[in-house]
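A quick write-up on the structure given underneath.
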Amino acid sequence: MTDLLERKAYYLQEIDRLCETDLEQASRFVSEILSQACETEQKNPAVSAALAGCICRFLLHKKMKTRIIATLLTQPLLTRVLFGELNSYKYSLVFLLKRIVRHGDAAFLEWVLQLLQGNPYRDDSAADYAAQWSFGFLLREMQKAPPEYLQCSPECRAVLEKFEEI
C-alpha cells in the first residue's frame, strides 16, 4: 500500500486533470484507487490520509460543486470509507458536512454522522487546534456557517440535536 504514498502526487494531478475534462472518468479513476486501496492494508494513518486526500481532491474540486451530494449518495462505498474509515482532514469533513446539511436529507445526514462516530481516527480528546479531530469539533465548526447558507431543515436540526447530546 506504500504504492499509494509513492503515487499520491500523480493521483492528485490526474484527478485534477480529469475533473477539468471528464467528471465521469475522474469518478471512475477515484473508484479504481479506492477499490485498490480496499484490497490492501489501509490501517496506516499516512496511507489512510493519502487515500482520503485523493477522495477529497475529487469531491472538493470546483467542477464537482453541484455534484458532491449526488456522488456521495450514489457511491455508498466511497461515502462509508471517507467518513467511517479514513484519516480525513478535519476541515474537508466540515465542508462536506455543511453541504450534507444544506441538502436536507435527514436520513443521509444521520448515516454520515454515525459513520463519523465510528471512525477510528476520531479523537474526542483532541484540542480544536490539533491535527486530529473530535466529533464535537466537526459539529461546532459545521454549525458556524450562516443559517442562510446551511438552510437546515427541521428534520436535519433534530438529527444534529440528537448527536449533540451523545
* Does the side chain of Phe29 reach to within under 4.5 Å of the side chain of Tyr11, using non-hydrogen atoms? -> yes

* To do: Taking all non-hydrogen atoms of both residues into account, name the closest pair between Phe135 and Trp133 and its distance.
  => N-CE3, 4.1 Å

* To do: Give, for atom OG of Ser88 and atom CG of Leu116, the distance between the pair rounded to the nearest 0.5 Å.
  => 8.0 Å

* Phe137 ring center within less than 6.0 Å of Tyr91 ring center -> yes

* Asked: Within a strict 4.5 Å, meaning less than it, do heavy atoms of the Ser27 and Leu23 side chains meet?
  -> no

* Asked: So how far is it from Ile33 CD1 to Leu4 CG, rounded to the nearest 0.5 Å?
  -> 7.5 Å

* Do the side chain of Lys90 and the main chain of Ala130 share a donor and acceptor less than 3.5 angstrom apart? -> yes

* Roughly how far, to the nearest 0.5 Å, is the CD1 atom of Ile69 from the NE2 atom of His103? -> 6.0 Å

* Structure fact -> Looking only at heavy atoms, the pair that brings Glu141 and Lys144 closest together is OE2-NZ, 2.7 Å

* Structure fact -> Rounding to 0.5 Å, atoms CD (Glu110) and SG (Cys156) come to a distance of 10.0 Å

* Residues Leu86, Tyr121; criterion side chain to side chain contact (heavy atoms under 4.5 Å, CB included); working and verdict -> CA-CA 7 Å; Leu86 294 180; Tyr121 293 100; 5.7 Å; no

* **Note, Asp105 side chain near Leu109 side chain (heavy atom, < 4.5 Å)** => no

* Asked: Hey, are the side chains of Leu113 and Lys162 touching, using non-hydrogen atoms and a 4.5 Å cut-off?
  -> no

* To do: Please report the shortest heavy-atom distance between Trp111 and Pro76, naming the atom on each side.
  => CH2-O, 3.8 Å

* Measure the CD-CZ distance between Gln13 and Arg17 for me, rounded to the nearest 0.5 Å. => 10.5 Å

* Nearest 0.5 Å, what's the CG-CD distance between Leu34 and Glu32? -> 11.0 Å

* Listed by chain and number, what are the salt bridge (Lys or Arg N to Asp or Glu O under 4.0 Å) partners of Arg140, not counting sequence neighbours? -> Asp128

* Taking the side chain as C-beta and beyond, is there a heavy-atom pair between Gln143 and Arg157 under 4.5 Å? -> yes

* **Single-linkage hydrophobic cluster Leu12~Leu96, side-chain heavy atoms < 4.5 angstrom** => no

* Asked: Do side-chain atoms of Asn87 reach the backbone of Pro45 as a donor and acceptor pair under 3.5 angstrom?
  -> yes

* To do: For the residue pair Arg80 and Leu77, establish whether any side-chain heavy-atom pair is separated by less than 4.5 Å.
  => yes

* Heavy-atom check, side chain of Met142 versus side chain of Leu160, under 4.5 Å -> yes

* Taking the side chain as every heavy atom from C-beta outward, state whether Leu73 and Thr79 have any atom pair closer than 4.5 Å. => no

Check residues 49-65 and write down every donor-acceptor pair under 3.5 Å in which the side-chain atom is one partner and the other belongs to a residue at least two apart or another chain.
| residue | atom | partner | partner atom | Å |
| --- | --- | --- | --- | --- |
| Arg57 | NH1 | Asp16 | OD2 | 2.7 |
| His61 | ND1 | Lys63 | N | 3.0 |
| His61 | NE2 | Glu20 | OE2 | 3.3 |

* To do: Check whether any side-chain N or O of Asp124 sits under 3.5 Å from a backbone N or O of Ser134 as a donor-acceptor pair, and report yes or no.
  => no

